[in-house]
Number of protein chains: 2
Amino acid sequence: MPIRILIVDDHSVVRQGLQMFLALDPDIEVIGEASNGAEAVEFVKDEQPDVVLMDLLMPIMDGIEATKVIRSDFADTEVIALTSVLEDNAVVGAIRAGAIGYLLKDTEADDLVRAIKAAASGQVQLSPKAAERLMREIRAPESPEKLTDRETEVLRLLAEGKANKEIARELSISETTVKTHVSNILMKLNVPSRTQAALYAVRIGLVSEDSLGE
Amino acid sequence: MPIRILIVDDHSVVRQGLQMFLALDPDIEVIGEASNGAEAVEFVKDEQPDVVLMDLLMPIMDGIEATKVIRSDFADTEVIALTSVLEDNAVVGAIRAGAIGYLLKDTEADDLVRAIKAAASGQVQLSPKAAERLMREIRAPESPEKLTDRETEVLRLLAEGKANKEIARELSISETTVKTHVSNILMKLNVPSRTQAALYAVRIGLVSEDSLGE
DNA sequence: ATTCATATCCTTCAAAAGTAGGAGAGAGCA
DNA sequence: TGCTCTCTCCTACTTTTGAAGGATATGAAT
């Protein structure tokens with residue numbers, strides 16, 4: 001019997017493209033589509049597909065979160081992260097969340113099919129570039145340290161362009177404390193200034209672009 | 001005779017999806033694909049399609065640059081910018097480069113077809129979100145004053161997270177001069193800090209997200 | 001010829017950002 | 001009970017940023 005697939009992506013163009021790719025192979029059957037993480041989790045609960053092709057960047061519930069839920073609740077369903085941008089943290093995040101594969105959207109049709117078949121039998125599949133990143137990540141001692149909840153909160157405000165004094169007011173703590181947090185953030189992210197920290201936050205999607213400067 | 005289309009996107013999945021969408025309509029014929037801006041320009045030179053569907057974020061030559069070239073050299077070819085959510089703030093840049101339309105990738109098949117037909121006859125097409133952005137940009141009473149070339153250059157470096165000293169070194173001018181430029185930039189953009197100026201630059205797509213912090 | 005915009009540089013000063021090195025309170029864990 | 005982590009706050013200090021108010025040179029426009 002064919003491998004049962006769920007496609008999760010917020011862009012209908014991409015979903016259609018994947019359908020197209022996968023229609024070429026008789027061993028694969030696309031049994032559903034979802035346009036966000038929450039829908040995906042629902043679908044998996046009802047239908048238990050063999051493999052989920054998961055976009056990481058989505059509204060409602062992002063792909064990493066959805067992957068985490070699926071992998072912890074439905075161990076028989078494998079997840080392949082499929083994304084357009086190669087982002088260091090996303091690779092590590094996806095793997096940590098339980099994804100068995102990480103592919104870029106520029107993957108060719110037959111590579112994709114191969115990856116799905118591998119995933120269905122529990123084998124790990126990474127696109128060459130992703131694998132390289134992962135290697136670098138593991139080797140490199142300069143992988144950003146994990147921020148605490150409070151630090152993340154401060155970073156979010158910082159990344160909205162707010163001054164220390166404003167952040168202090170907003171969180172009802174002293175400006176000194178904010179400075180302490182900011183210093184720790186800079187140290188952990190290994191960047192020299194709040195501006196670079198803000199750019200980092202935007203890059204990893206901590207703040208939506210809509211909120212930038214308004 | 002059908003409308004002749006060129007699809008430009010660096011992801012084969014997306015190209016395939018678009019092909020799929022457009023195959024539904026007999027009035028539309030996809031005559032080629034390109035995976036970066038440089039290829040796109042080449043193709044337009046050889047084949048002069050009626051409409052180009054252009055992704056904005058690509059390697060080699062980005063979509064805005066390619067649009068600029070195409071529109072200045074081949075006036076009969078219309079360009080529709082087609083992007084994913086994250087980039088939807090490059091609206092102004094795309095329009096300024098000469099794009100006649102701006103659509104998001106979550107557009108449905110028939111909307112896309114409608115947009116292409118409109119573009120082929122020279123009509124402007126914007127997705128609701130893009131239109132909103134544009135309106136806001138135009139309406140905004142505090143519409144940012146125009147920056148000079150030098151100021152834009154400084155802003156670009158600033159938006160890469162560089163300090164005044166670094167910018168001075170890079171441009172071979174004194175730090176004092178950089179400070180003067182930065183002050184003028186903040187005044188013109190009506191923001192209180194370099195961090196907010198950097199975020200503004202990202203928002204309008206002055207720096208590509210790839211370059212952020214890397 | 002003169003005015004205007006741009007770009008360069010200066011000094012002086014105030015505010016904001018960051019660093020260094022503490023220290024106490026509370027939560028959770030071995 | 002210690003131990004560690006997080007969050008909070010402090011003083012004292014340096015560096016960076018940014019504002020204010022100049023000055024000079026160039027080139028284009030009137």
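Computed over heavy atoms, backbone and side chain alike; hydrogens, waters and symmetry mates excluded. The chains referred to below are lettered A, B, ... by the order of the sequence lines, with proteins before strands, and numbering in each begins at 1. These figures come from a predicted structure and were not determined experimentally.
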> Please confirm whether the shortest side-chain N or O distance from B:S183 to OP1 or OP2 of D:dG18 is below 4.0 Å.
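It does not, given that no N or O in the side chain of B:S183 lies less than 4.0 Å from OP1 or OP2 of D:dG18.
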> Rounded to whole angstroms, how far apart are NZ on B:K162 and P on D:dT17?
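Those two atoms, NZ and P, are 14 Å apart.
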> If I take atom NZ in residue A:K188 and atom C1' in nucleotide D:dC7, what distance separates them, rounded to the nearest angstrom?
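That distance rounds to 11 Å.
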> Between atom NE2 in A:H181 and atom P in C:dG18, what is the gap in whole Å?
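Nearest whole value for this atom pair: 15 Å.
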> Tell me whether B:E151 contacts the main-chain N or O of B:L147 through its side chain, where contact means a donor paired with an acceptor under 3.5 Å.
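Pair absent, no side-chain N/O of B:E151 close to backbone of B:L147.
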> Please tell me which of the listed nucleotides, D:dG18, C:dG18, C:dC10, lies nearest to the side chain of A:K179?
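Between D:dG18, C:dG18, C:dC10, the one nearest the side chain of A:K179 would be C:dG18.
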> Whole angstrom is fine here: how far is it from CD in A:E175 over to C1' in D:dA12?
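About 15 Å, once rounded to whole Å.
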> Once you round it to whole Å, what is the distance between P of D:dT17 and CG of B:N184?
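Distance, rounded to whole Å: 16 Å.
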> Is there side-chain contact between A:N36 and A:D10, with heavy atoms separated by less than 4.5 Å?
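Side chain of A:N36 against side chain of A:D10, heavy atoms only: no contact under 4.5 Å found.
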> Return whichever of B:R150 or A:R194 has its heavy-atom-nearest nucleotide of DNA chain C closer to the 5' end.
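Closer to the 5' end of DNA chain C: B:R150.
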> Does D:dT16 have its OP1 or OP2 closer than 4.0 Å to a side-chain nitrogen or oxygen of B:N164?
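No, because none of the side-chain N or O atoms of B:N164 sits under 4.0 Å from OP1 or OP2 of D:dT16.
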> Specify the separation, in whole Å, of atom CD1 of A:I185 and atom C1' of D:dT8.
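Whole-Å distance recorded here is 15 Å.
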> Could you tell me whether B:T180 contacts a base, only the sugar-phosphate backbone, or nothing, with contacts defined as non-hydrogen atoms closer than 4.0 Å?
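Result for B:T180 = base.
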> Around atom CG of A:D149, are there more than 12 heavy atoms from other residues, nucleotides or ligands closer than 6.0 Å?
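Not buried by this count: 12 neighbours or fewer within 6.0 Å.
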> Less than 4.0 angstrom between a side-chain N/O of A:T177 and OP1 or OP2 of D:dC9, yes or no?
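Affirmative; the distance criterion is met.
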> Would you kindly give the CG-to-C1' distance between A:L171 and D:dC9, to the nearest whole Å?
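Taking CG of A:L171 and C1' of D:dC9, I get 15 Å after rounding.
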> Could you say whether B:S174 or A:V182 is positioned toward the 5' end of DNA chain C, judged by the nucleotide with the nearest heavy atom to each?
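Looking at DNA chain C, the more 5' nearest nucleotide goes with B:S174.
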> With respect to the side chain of A:T176, which nucleotide from C:dT19, D:dT11, D:dA19 is positioned closest?
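My answer, after comparing the listed nucleotides, is D:dT11.
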> It should be established whether A:S193 places a side-chain nitrogen or oxygen under 4.0 Å from OP1 or OP2 of nucleotide C:dA17.
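For C:dA17, neither OP1 nor OP2 has a side-chain N or O of A:S193 closer than 4.0 Å.
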> In whole angstrom, what separates A:K165's NZ from C:dA16's P?
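After rounding, the gap between these two atoms is 4 Å.
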> Heavy atoms, side chains only, cut-off 4.5 Å: are B:P49 and B:I5 in contact?
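Side-chain contact under 4.5 Å: no.
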> Taking B:R71 for its side chain and B:A66 for its backbone only, find out whether a donor-acceptor pair lies under 3.5 Å.
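No; judged by distance alone, with no hydrogens or angles, the pair does not exist.
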